[in-house]
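Because only heavy atoms are used, hydrogens play no part in the values below, and waters and symmetry mates are left out as well, while side chains stay in.
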4 protein chains.
Amino acid sequence: VGVVIDGCPAGVAICEEDIARELRRRRPGGNCYVSPRQEEDAPRLLSGVFEGATTGAPVAIWIENRDADSTPYDAVRHLLKPGHAQFTYLAKYGVFDHRGGGRASARETAARVAAGAVAKALLASWKIACWAYLFSVGEVICGRGELGKEYPLFCPDSRARQEVEALLDSLRAEGDSIGGIVEGRARVGAGLGEPIYGKVEALLAGAMLSLPASKGFEIGAGFGAARMRGSVHNDPFVSDGGAIRSGKNDAGGTLGGITTGEEIVFRVAFKPPSSIQQTQQSVDLSGAPATYAPPQGRHDPCVAIRAVPVVEAMTALTLADLALRSRLSHLPDTETS
Amino acid sequence: VGVVIDGCPAGVAICEEDIARELRRRRPGGNCYVSPRQEEDAPRLLSGVFEGATTGAPVAIWIENRDADSTPYDAVRHLLKPGHAQFTYLAKYGVFDHRGGGRASARETAARVAAGAVAKALLASWKIACWAYLFSVGEVICGRGELGKEYPLFCPDSRARQEVEALLDSLRAEGDSIGGIVEGRARVGAGLGEPIYGKVEALLAGAMLSLPASKGFEIGAGFGAARMRGSVHNDPFVSDGGAIRSGKNDAGGTLGGITTGEEIVFRVAFKPPSSIQQTQQSVDLSGAPATYAPPQGRHDPCVAIRAVPVVEAMTALTLADLALRSRLSHLPDTETS
Amino acid sequence: VGVVIDGCPAGVAICEEDIARELRRRRPGGNCYVSPRQEEDAPRLLSGVFEGATTGAPVAIWIENRDADSTPYDAVRHLLKPGHAQFTYLAKYGVFDHRGGGRASARETAARVAAGAVAKALLASWKIACWAYLFSVGEVICGRGELGKEYPLFCPDSRARQEVEALLDSLRAEGDSIGGIVEGRARVGAGLGEPIYGKVEALLAGAMLSLPASKGFEIGAGFGAARMRGSVHNDPFVSDGGAIRSGKNDAGGTLGGITTGEEIVFRVAFKPPSSIQQTQQSVDLSGAPATYAPPQGRHDPCVAIRAVPVVEAMTALTLADLALRSRLSHLPDTETS
Amino acid sequence: VGVVIDGCPAGVAICEEDIARELRRRRPGGNCYVSPRQEEDAPRLLSGVFEGATTGAPVAIWIENRDADSTPYDAVRHLLKPGHAQFTYLAKYGVFDHRGGGRASARETAARVAAGAVAKALLASWKIACWAYLFSVGEVICGRGELGKEYPLFCPDSRARQEVEALLDSLRAEGDSIGGIVEGRARVGAGLGEPIYGKVEALLAGAMLSLPASKGFEIGAGFGAARMRGSVHNDPFVSDGGAIRSGKNDAGGTLGGITTGEEIVFRVAFKPPSSIQQTQQSVDLSGAPATYAPPQGRHDPCVAIRAVPVVEAMTALTLADLALRSRLSHLPDTETS
């Protein structure tokens, strides 16, 4: 997997270890509750960084993947795997790949996390921070994560974590999987975002729904707002020692697509992984009914957990893009005088 | 308001009346339950259409707006209107506009609907159809709309419609507003969509969250999928007279970001309109606390209703873009032989 | 004709008269040597400007064209006009337009000049200036123009101007036309331009070859450099009171695609206008040989003259784009500290 | 050096050897007249190709460069090398690189040639062909090359080649260099190109001026057209067995920016390489005058020779882009009926 980050300014401090550290957070073998495949996510900076800082040239990162044995899939190579993208890739490109999954594989999220590490370094120079944590797994609510804190399983609440662990154990025993929700947050000043098609929430929604297995996005009160009255939902403006603030944050940090200065808060829904250890109904490539018996192997029972650092990375990339663009939105006084 | 549609192929049949008809559907005065401002949405085709069909040149449409009296706002011209984008525009551009709202105004959606009319004409040549309807207003569930049917208030279920009407009447009496959800659908063959960042759901989510007042997007089982097990959520592939189909549609019509050939189904959450006829807490431009007493006038109590044709238009624009792009995804046999 | 300028920062001072003034410079009836059609180039600012300055929203400009009588062309409506784009438009879009010319018409350059007026206003805030003048008409060399000076026929040398006028008179009598070269210049600091595909000369070349009737572009020593030796062509670096300058400017103001701080100097070749008052060999739409007898009317004998303000406008647009992008190339010290 | 080609359709036959073969053509050590550095241009296809054909995924190619010893430059590491981009890169990015050259190095053209090999494979499926050859070196005119023929030094005329070889020998003895011109051609049907900013000649000009050391571009009669009369320059349309052709080709294969079906013909001027083996006047980084004594080494005395396959590659990339876009310009009859 590789990624090229174009448009990163010169002078951003970054090194391979910064990227490796982020990659380790999403690594399947990172803890005993996520998929134990031992992928070597050692990133190589191929270009764009010189003596510990970006040069203004595109930053190219290459992540070698040594461990991808597709032989287990040989037995089911002519069957469509339920919930997977083989069928749609076949319809689109006329190519059928019976192996793990190509560009629809969650492996590609390593590239996003690597790019996100660069974006985070850039955002740091503007004191913009973003983070994410597990909001829920199935019916279990996981609490609210704080900036800068690392939680086992990305679950802030320790009691909820025990419930999640028990749930994952039983799912693994049953060969089943479960969905979950990731919550993302960012601290950023007022005035970021572009009107119409470049709204903060539009870019975040597009970024999050581009993640494998994501099925929904909401900001602030989100779908809950659809049941609220305006008199309840409207955030009053209040005076906070002279500064203009919002009295509450049902808007989730934006108005008209531009940041208010309150925390950006959003949630992303992930479906249960479609790779489960149960026989399922399917068809073969000729369209004839068949029974899909999955090859032995171990998979994530809950993709939402691994998705936490990916959501964080996509948030960083989206905000870095907007922060750069915002430098073009008006002429600084020094330039007009 | 104007819009320029670039990239529309030559030979698509379209005339001003096609556009006007779509614009009338979103017109505030179109029925007695939405805002009665009598805007003249007469569209003018400025370029790109000759003798009833597109020429390949950009299609420019101009919609004159004759009625926009901003005098009522003079009394509150130094106050921040809660829930509005004046504050964030001021932060971004250094310009404060006490009037209706500029690019954050719902007026801009007229341009989207006009462009959507052209996109629909293009999609028709590929037999792709999309439609939308009201899914809920507050707690009222509105049923499921069929392709090609027009419902008063865009509400498919007549009993629910009575409830919605009663709710809107009481909100109008209280000077309050309510949120709602719009459901969109599309019929399209398998193979549409681009991997990674151009996934169908990513482009739809970005398009929908770019709409004024939208707060959430979900596709298929959406946020519900976050509570489901894989064994329940996975749609089995079945044989339908030789054709490969899905036994159910929790995926919402896409796998790996590419259409399966099943109906695309998604929902968009809209917040309650922030323009309400109640006094609210706010601040003036200096940051001092103030009471915002809204000027007399009548506003939509539920923006989700007017949003239905806009959701439909954005769906058409998104799918037209993807359908054009899909013509580039592989070489037709005639070209390689 | 209309144009929408996206990406212009807020706070740039501009009004309709600034645009109208530039448009008058390219107006065919502006002097007796260019085409006397009396087009009303009155520009209307439709959006993006409020109280004399840009707001950050797209700047839309509409220029009404009242005078475009296509009846003279009725007699030759089934013949291909030599040197015109009707044939290629027919091949591309399947549409044949016997009238003036659509998007291949020189009328579209009005939109470029209008947009260029906005770009010039933006460049002024960074003290970047660009200008253009007539370099040659046929064999006549026209001298070198200075920044801020207006010359009749855009020809800096008055003696050369008399020759050009005599040449144009005789061409008009013969119903013939002539080619010419426009030279453009810009004063801009060092460091503008992007590596690889965004080089200053690449963007300028692309912009200039997008102009109707242009056939060539060269920067600095240009085609002459192809006959020079390195020992002659290399510009030595010299010390100018501590500042690093070039001892001469055969490079034309760029090295590696990025400005050196010396003046940018380039030339654009324009072919003789293909609309001439002489009978010419052609074919009709069925491919049968035919004689093209042009309808009476008066056309520019030399499009290079009218092209001068258009070259200037395209230079301004290209540099404004690069100047904006250059604000993203490295982090200012104030942001990293 | 690496390159990622996005937007290549699935089903294009390509393998590493196709790319390697093109790379060998531009290799400095490919013949005794160009720079003898032995770079290993072995390309690795990292993604996008499966079993000998593209999959629709981005095609990533990585070319390892084993030989780049920068020690010779240590002695002059604080001096500005005349004619090189170190100074402008310093101005732009605030980074000074005393070594070979980074993104302004001619090494980057390997990536273009590799990408061009893929573009050529794609063009072949539409029967579009492009080629290039040496048009002149200094004052020596090299003749006209035919499609599919390989000439030593890319020089079609064998007598001229002897002159060029003698010239290069004497330049090498003097430590000097010389400029040259490359001519490119393409055979392509009518109707390729986009109006206004996507004209064939605009995209070619932008592509060619993005090449290191290029200083000019002209199409058809080019700068010569600036001295011609319309009655001479206009290409008459003629009937060729029913087909509409041009009687001559001063237009160079386009009208209004769209191909006529005649051969595209253009020329690109290259300056003499600035790396010469002579002492030159310069300054050090503090701006103080200094004498630049180049490190021993051998360089190309004429970059235009090596540029031939690069011009060919850029032509292929430009036409492939336009050929893909042209599939979107109008609806095929099969789609509208």
Side-chain angles (χ1 to χ4, degrees), chain C residues 80 82-83 85 88 91-94 103-104 138-139 176-181 190-191 195 197 199 201-202 205-206 209-210 215-220 222-223 225-231 233-234 236-237 239 242 244 255-256 258 260 269 271-274 276 278 281-283 287 289 329-330, chain D residues 80 82-83 85 88 91-94 103-104 138-139 176-181 190-191 195 197 199 201-202 205-206 209-210 215-220 222-223 225-231 233-234 236-237 239 242 244 255-256 258 260 269 271-274 276 278 281-283 287 289 329-330:
Chain C
L80 290 175
T88 54
K92 182 175 181 65
Y93 295 114
R103 301 177 81 199
E139 306 285 349
D176 211 342
S177 65
I178 191 86
I181 297 176
Y197 302 113
K199 287 175 176 160
E201 55 266 44
L209 266 294
S210 80
K215 301 301 287 183
F217 170 90
E218 59 178 9
I219 188 162
F223 276 86
R227 291 188 304 271
M228 290 165 78
R229 295 196 164 205
S231 54
H233 182 269
N234 274 9
F237 286 107
S239 175
I244 299 175
L255 281 175
I258 299 171
T260 59
K271 69 175 187 182
S274 37
I276 55 173
Q278 300 185 358
Q281 183 186 351
S282 185
V283 295
S329 62
H330 64 89
Chain D
L80 289 176
T88 55
K92 182 173 182 65
Y93 295 113
R103 302 177 81 199
E139 305 284 350
D176 211 343
S177 64
I178 190 85
I181 296 176
Y197 302 113
K199 287 174 175 160
E201 57 265 44
L209 267 293
S210 80
K215 302 301 285 182
F217 169 90
E218 60 178 8
I219 188 162
F223 275 87
R227 291 189 303 272
M228 289 165 79
R229 295 198 165 203
S231 53
H233 181 271
N234 274 9
F237 286 107
S239 175
I244 298 175
L255 281 177
I258 299 172
T260 59
K271 69 174 187 181
S274 37
I276 56 174
Q278 300 186 358
Q281 181 185 351
S282 186
V283 296
S329 63
H330 64 90

*Asks:* Testing the basics here: between D:Leu209 and C:Glu201, what is the closest heavy-atom pair and its distance to 0.1 Å?
*Replies:*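 So the two residues come closest at O-CG, 3.5 Å.
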
*Asks:* How long is the straight-line distance from CZ of D:Arg227 back to CD1 of C:Ile181, given to the nearest 0.5 Å?
*Replies:*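 One gets 7.0 Å once the value is rounded to the nearest 0.5 Å.
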
*Asks:* If you measure only the distance, is there a donor-acceptor pair under 3.5 Å linking the side chains of D:Ser274 and C:Asn234?
*Replies:*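 No pair is found: no donor N or O on one side chain lies under 3.5 Å from an acceptor on the other.
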
*Asks:* Between D:Ile219 and chain C, which part of the residue has a heavy atom less than 4.5 Å away: side chain, backbone, both or neither?
*Replies:*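 Answer is both: backbone and side chain atoms of D:Ile219 are under 4.5 Å from chain C.
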
*Asks:* Report the option among C:Ser231, C:Ala205, C:Gly222, C:Gly220 that has the most heavy-atom pairs separated by less than 4.5 Å from atoms of chain D.
*Replies:*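 Of C:Ser231, C:Ala205, C:Gly222, C:Gly220, C:Ser231 has the most heavy-atom pairs under 4.5 Å with chain D.
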
*Asks:* As an exercise: rank D:Ser239, D:Ser210, D:Gly138, D:Gly287 by heavy-atom pairs under 4.5 Å with chain C and give me the winner.
*Replies:*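 Option with the top pair count is D:Ser210.
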
*Asks:* Output yes when a side-chain donor or acceptor of D:Lys271 lies under 3.5 Å from a complementary backbone atom of C:Ala225, and no otherwise.
*Replies:*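 Side chain of D:Lys271 to backbone of C:Ala225: no pair is present.
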
*Asks:* Between chain C and each of D:Gly242, D:Pro236, D:Gly83, D:Ser177, count heavy-atom pairs under 4.5 Å; write down the option with the most.
*Replies:*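 Among the listed options, the one with the most contacts to chain C is D:Ser177.
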
*Asks:* Should D:Glu218 and C:Phe223 be marked as a side-chain contact (heavy atoms from CB on, under 4.5 Å) after you check the CA-CA gap, both sets of side-chain angles, and the distance that decides it?
*Replies:* CA-CA 9 Å; D:Glu218 60 178 8; C:Phe223 276 86; 3.5 Å; yes

*Asks:* What part of C:Gln278 gets closer than 4.5 Å to chain D, counting heavy atoms only: side chain, backbone, both or neither?
*Replies:*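 For C:Gln278, the side chain is the part near chain D, not the backbone.
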
*Asks:* Between D:Arg229 and C:Pro272, is there a side-chain heavy-atom distance shorter than 4.5 Å?
*Replies:*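 In short, these two side chains do not touch, never coming nearer than 4.5 Å.
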
*Asks:* Find the distance between NZ (C:Lys215) and NE2 (D:His233) and round it off to the nearest 0.5 Å.
*Replies:*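 Answer for the NZ-NE2 pair, C:Lys215 versus D:His233, is 5.0 Å.
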
*Asks:* I'd like to know if the side chain of C:Thr88 and the backbone of D:Thr260 have a donor-acceptor N/O pair within less than 3.5 Å.
*Replies:*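 Such a contact is absent between C:Thr88 side chain and D:Thr260 backbone.
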
*Asks:* Any sub-3.5 Å donor-acceptor pair from D:Ser282's side-chain atoms to C:Phe237's backbone N or O?
*Replies:*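 Looks like no, no N/O pair under 3.5 Å.
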
*Asks:* Considering all heavy atoms of both residues, which atom of C:Ala190 and which atom of D:Ala91 are nearest to each other, and what is their separation?
*Replies:*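 C:Ala190 and D:Ala91 have their closest heavy atoms at CB-CB, 3.8 Å.
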
*Asks:* Under 4.5 Å, counting heavy-atom pairs only, tell me which of D:Ala269, D:Ala226, D:Gly206 racks up the most with chain C.
*Replies:*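 The answer is D:Ala226.
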
*Asks:* So which of C:Gly216, C:Ala202, C:Pro273 has the largest heavy-atom pair count under 4.5 angstrom toward chain D?
*Replies:*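 Among the listed options, the one with the most contacts to chain D is C:Ala202.
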
*Asks:* Counting heavy-atom pairs closer than 4.5 Å to chain D, which one of C:Leu255, C:Ile178, C:Ile276 comes out on top?
*Replies:*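 Ranked by heavy-atom pairs under 4.5 Å with chain D, first place is C:Leu255.
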
